[in-house]
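To start, the structure itself, in structure tokens.
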Amino acid sequence: MIFVTDKGRMANNILQYGHLYAWGREHGRTTMSMRFAYKYHDFHICHTPHHNFLTYLAGKYAAKMKLIPTVDFNNIDSDYRLEQQTMLSHRHLLATGWCVRFPGLFLKYKSEIQALFAFDDSISTKVDSILQPFRGRLILGVHVRRGDYAHWCHGRYFFDDSEYLRVIKEFIRMKAGQDVQVMICGNDPQLDKACYRQALGNDRVTFPQGSATEDLCLLSRCDALIGPPSSFSLIASMYRDTPLHWMTDKRKPLEELDFKTFDTQFRQFDSYYIE
């Protein structure tokens, strides 16, 4: 059993586990996500064998007492052949660290990863009720990510409301003749909802204000996604290969070619984190 753990947020945990799940599938090893055994409860994986609190405790304390080895993936540029050999040679171990990368295997087993992280019916039903009035419209999902982005990477991907609005308006102009509905998700308490309503119209913009899982599910059901580079919007794109544009340049006009598939953004993901 490979016990997989990390301290990141939900979407980071999905990405990290996806890489190690795919590696395990390729090498005939069982894996379990410790975060989805106790912290998150609204995905199919949470109801599969080994994903329970007792297994979580067994893995945690076995590693803490050094009864099983720990392999760390903490540097994106490291050569992890020795760690892989450890994973092959031990029946049980703990794998930790955000920097684990097996992109080819992740894409090979992507359909299984999608199924593992399918949303529970309670989440899907709530999201469906939010989207129902807008059936037939082109739904643009916008992920407003600020918070730590004010300082992370020297604020490179921090955008204010006017900058999000500029890109949204350009998308609407680009889709002239289509009825665009804008769904804005995020947990920024400083979000100026009034300025979006004034600029776009009350009937064109919605603020679902759901939990993180509900927001992820809702974004995954949109027809196109916009936001700064983040694992959250990347995972939202994963479910249906939703076209995703990552905002990186405050001056560049929006173009159709800026929207890329999950596979493309997934392979380029780490390049956005290079200083």
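Every heavy atom of this structure was used, including side-chain atoms; hydrogens, water molecules and symmetry mates were not. For the single chain, residues carry numbers from 1 onward in sequence order.
No continuous path of hydrophobic side-chain contacts links Val4 to Tyr56 [ILVMFWY only; heavy atoms under 4.5 Å]. Put simply, Val144 and Phe159 are part of the same group of oily side chains (I, L, V, M, F, W, Y) that touch within less than 4.5 Å, one to the next. There is a path of hydrophobic side-chain contacts, each under 4.5 Å, that joins Met32 to Phe53. Under the 4.5 Å side-chain heavy-atom criterion for Ile, Leu, Val, Met, Phe, Trp and Tyr, Leu244 and Val180 are members of the same hydrophobic cluster. By the rule that hydrophobic residues join a cluster once side-chain heavy atoms approach within less than 4.5 Å of another member, Met34 and Ile113 end up as members of separate clusters.
With His19 as the partner, the ring-ring contact (aromatic ring centres under 6.0 Å, His included) test is satisfied by one option alone out of Tyr109, Trp98, Phe106: Phe106. Put simply, the residue from Phe36, Tyr40, Tyr239 that forms a ring-ring contact (aromatic ring centres under 6.0 Å, His included) with Phe117 is Phe36.
Between the Arg25 side chain and the Thr30 main chain, no donor and acceptor come within less than 3.5 Å of each other. Here the side chain of Arg29 pairs no donor or acceptor atom with the backbone of Trp23 at under 3.5 angstrom. Remark: side-chain polar atoms of Gln16 are paired, donor with acceptor, to backbone N or O of Thr5 under 3.5 angstrom. No donor-acceptor distance shorter than 3.5 angstrom exists from the side chain of His245 to the backbone of Ile226, with no hydrogens or angles considered. The backbone N or O of Arg137 lies less than 3.5 Å from no partner atom in the side chain of Gln181, so there is not a single donor-acceptor pair. Without hydrogens or angle criteria, Ser233 side chain to Pro229 main chain gives no donor-acceptor distance under 3.5 Å. A donor-acceptor distance shorter than 3.5 angstrom exists from the side chain of His90 to the backbone of Thr86, with no hydrogens or angles considered. The backbone N or O of Cys217 lies less than 3.5 Å from a partner atom in the side chain of Ser220, making a donor-acceptor pair.
Contact between Phe259 and Met174 at its shortest, heavy atoms only, is CE1-CE, 3.7 Å. A pairwise comparison of heavy atoms in Ser230 and Phe269 identifies C-CE1, 3.9 Å as the closest pair. Summarising the geometry of Val71 relative to Met87, their closest heavy-atom pair is CG2-CG, 4.2 Å, with the distance given to 0.1 Å. Here the closest non-hydrogen pair linking Asn74 and Gly97 is OD1-CA, 3.4 Å. Residues Ser33 and Ile45 share a closest heavy-atom pair of CB-CD1, 4.5 Å. Contact detail for Leu140 and Cys222: the closest heavy-atom pair is C-SG, 4.3 Å.
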Check against side-chain contact (heavy atoms from CB on, under 4.5 Å), Leu116 and Tyr21 = CA-CA 10 Å; Leu116 279 172; Tyr21 169 83; 3.6 Å; yes
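Between Phe232 and Leu216 there is a side-chain heavy-atom pair separated by less than 4.5 Å. You'll find the side chain of Met238 stays beyond 4.5 Å of the side chain of Phe266, heavy atoms only. Side-chain contact between Asp42 and Phe119: absent, with no pair of heavy atoms (C-beta onward) separated by less than 4.5 Å. Two residues are said to be in side-chain contact when any heavy atoms from C-beta on lie closer than 4.5 Å; Cys185 and Leu218 meet this criterion. Residues Val205 and Met183 fail the side-chain proximity criterion, which asks for heavy atoms closer than 4.5 Å. The closest side-chain heavy-atom distance from Arg135 to Gln132 is below 4.5 Å.
A cation-pi arrangement is absent between Lys60 and Phe3, since the terminal nitrogen or guanidinium carbon is not both under 6.0 Å from the aromatic centre and inside a 45° cone about the axis.
For Gln198, the CD atom counts as loosely surrounded, since its 6.0 Å shell holds 12 or fewer non-hydrogen atoms of other residues, nucleotides or ligands.
For Lys252 and Asp258, the salt-bridge test passes: some basic side-chain N is under 4.0 Å from an acidic carboxylate O. Electrostatic pairing of Asp241 and Lys110 counts as a salt bridge here, judged by a charged N lying under 4.0 Å from a carboxylate O.
Residue pairs meeting the salt bridge (charged side-chain N to carboxylate O under 4.0 Å, His left out) criterion with at least one member in residues 208-223, sequence neighbours excluded, are Lys126-Glu214, Asp128-Arg221.
In this structure Asp79 satisfies the salt bridge (Lys or Arg N to Asp or Glu O under 4.0 Å) test together with Arg81, sequence neighbours excluded.
Aromatic ring centroids of Tyr164 and Tyr196 lie 6.0 Å or more apart.
Ser231 and Asn12 share a side-chain donor-acceptor pair at under 3.5 Å. For the 3.5 Å distance criterion, the side chains of Asp263 and Thr261 fail to qualify, holding no donor opposite an acceptor. Counting only N and O atoms by type, the side chains of Asn52 and Thr55 include a donor and acceptor under 3.5 Å apart. No side-chain N or O of Gln265 forms a donor-acceptor pair with one of Ser237 less than 3.5 Å apart.
Rounded to the nearest 0.5 Å, atoms CG (Asp161) and CD1 (Ile184) are 8.0 Å apart.
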